[in-house]
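Computed from a prediction, not measured in an experiment: that's the story for all the values here.
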Amino acid sequence: MTLSLLDLQRRFAAQLRADGDDGPPGMALYRRTVRTNYRRALSATFVVVKRVVGEPFFHAAADAYCARHPSASGDLNDFGDRFGEFLGEYAPARDLPYLADLARLEWA
């Protein structure tokens, strides 16, 4: 059975979003690259948020955000539009009630 290009792209995207090292050989490398690019894009936009919470917390939040809100655009400048909303619901940020508003301000 031959897959359509769309089906092949969907399978590839699903493998990128999967956890762990499962999947075809080399897929873990693609996952790490994508995760790093998303972290960098969010870090470039949310500089103050990252400084307030520190890099390890920020990276964990960025990874969780990516899992919940995968990019729908090929332009990383569009990625992060819901990060403030996400941080308002992100359990580890519960003790930082101002963080969501800070992210919204940085996005604006």
Side-chain angles (χ1 to χ4, degrees):
M1 177 171 100
T2 303
L3 294 175
S4 70
L5 178 59
L6 180 58
D7 288 334
L8 186 61
Q9 289 171 329
R10 285 181 176 157
R11 284 186 180 192
F12 184 77
Q15 283 291 324
L16 281 177
R17 289 189 297 269
D19 289 331
D21 292 330
D22 296 341
M27 188 56 71
L29 174 63
Y30 280 105
R31 285 187 193 116
R32 285 191 302 274
T33 301
V34 169
R35 183 174 55 239
T36 298
N37 286 339
Y38 284 147
R39 285 177 177 179
R40 286 181 180 164
L42 292 173
S43 293
T45 302
F46 301 101
V47 176
V48 178
V49 170
K50 184 176 179 180
R51 180 170 282 168
V52 167
V53 298
E55 189 171 274
F57 185 100
F58 187 85
H59 285 176
D63 292 348
Y65 175 75
C66 292
R68 187 171 304 162
H69 301 287
S71 179
S73 171
D75 184 351
L76 285 178
N77 292 313
D78 295 336
F79 188 61
D81 60 329
R82 294 182 280 177
F83 195 54
E85 174 188 325
F86 167 80
L87 288 174
E89 302 167 354
Y90 186 54
R94 190 172 304 141
D95 294 336
L96 304 169
Y98 57 86
L99 198 60
D101 288 335
L102 180 58
R104 289 182 189 103
L105 179 62
E106 283 195 281
W107 181 257

Taking all non-hydrogen atoms of both residues into account, name the closest pair between [X] and [Y] and its distance.
X      : Y     : result
Cys66  : Phe79 : SG-CZ, 3.5 Å
Ala100 : Gly84 : CB-O, 3.2 Å
Phe83  : Val49 : CE2-CG1, 4.4 Å
Leu76  : Asn37 : CD1-O, 4.1 Å

Looking at [atom1] of [X] and [atom2] of [Y], how far apart are the two atoms once the value is rounded to the nearest 0.5 Å?
X     : Y      : atom1 : atom2 : answer
Leu3  : Leu8   : CG    : CG    : 6.0 Å
Leu42 : Glu106 : CG    : CD    : 11.0 Å
Asp7  : Thr2   : CG    : OG1   : 11.0 Å
Asn77 : Thr45  : CG    : OG1   : 7.0 Å
Gln9  : Leu5   : CD    : CG    : 4.0 Å
Ser4  : Arg10  : OG    : CZ    : 7.5 Å

His69 vs Asp81 side-chain heavy atoms within contact, under 4.5 Å: no

Note, Arg82 side chain near Arg68 side chain (heavy atom, < 4.5 Å): no

Step-by-step side chain to side chain contact (heavy atoms under 4.5 Å, CB included) determination, His59 to Lys50: CA-CA 9 Å; His59 285 176; Lys50 184 176 179 180; 4.1 Å; yes

Phe46, Tyr38, Phe86, Phe58 screened by ring pair (Phe, Tyr, Trp, His ring centres under 6.0 Å) with Tyr65, the one that passes: Phe86

Val47 reachable from Leu99 in the ILVMFWY side-chain graph, under 4.5 Å edges: no

Linked, directly or transitively: Leu105 and Val52 (ILVMFWY side chains, under 4.5 Å): no

Positive for side-chain contact (heavy atoms from CB on, under 4.5 Å) with Val53, one of Leu96, Leu102, Leu87, Val48: Leu96

Set of salt bridge (charged side-chain N to carboxylate O under 4.0 Å, His left out) partners for Glu85, sequence neighbours left out: none

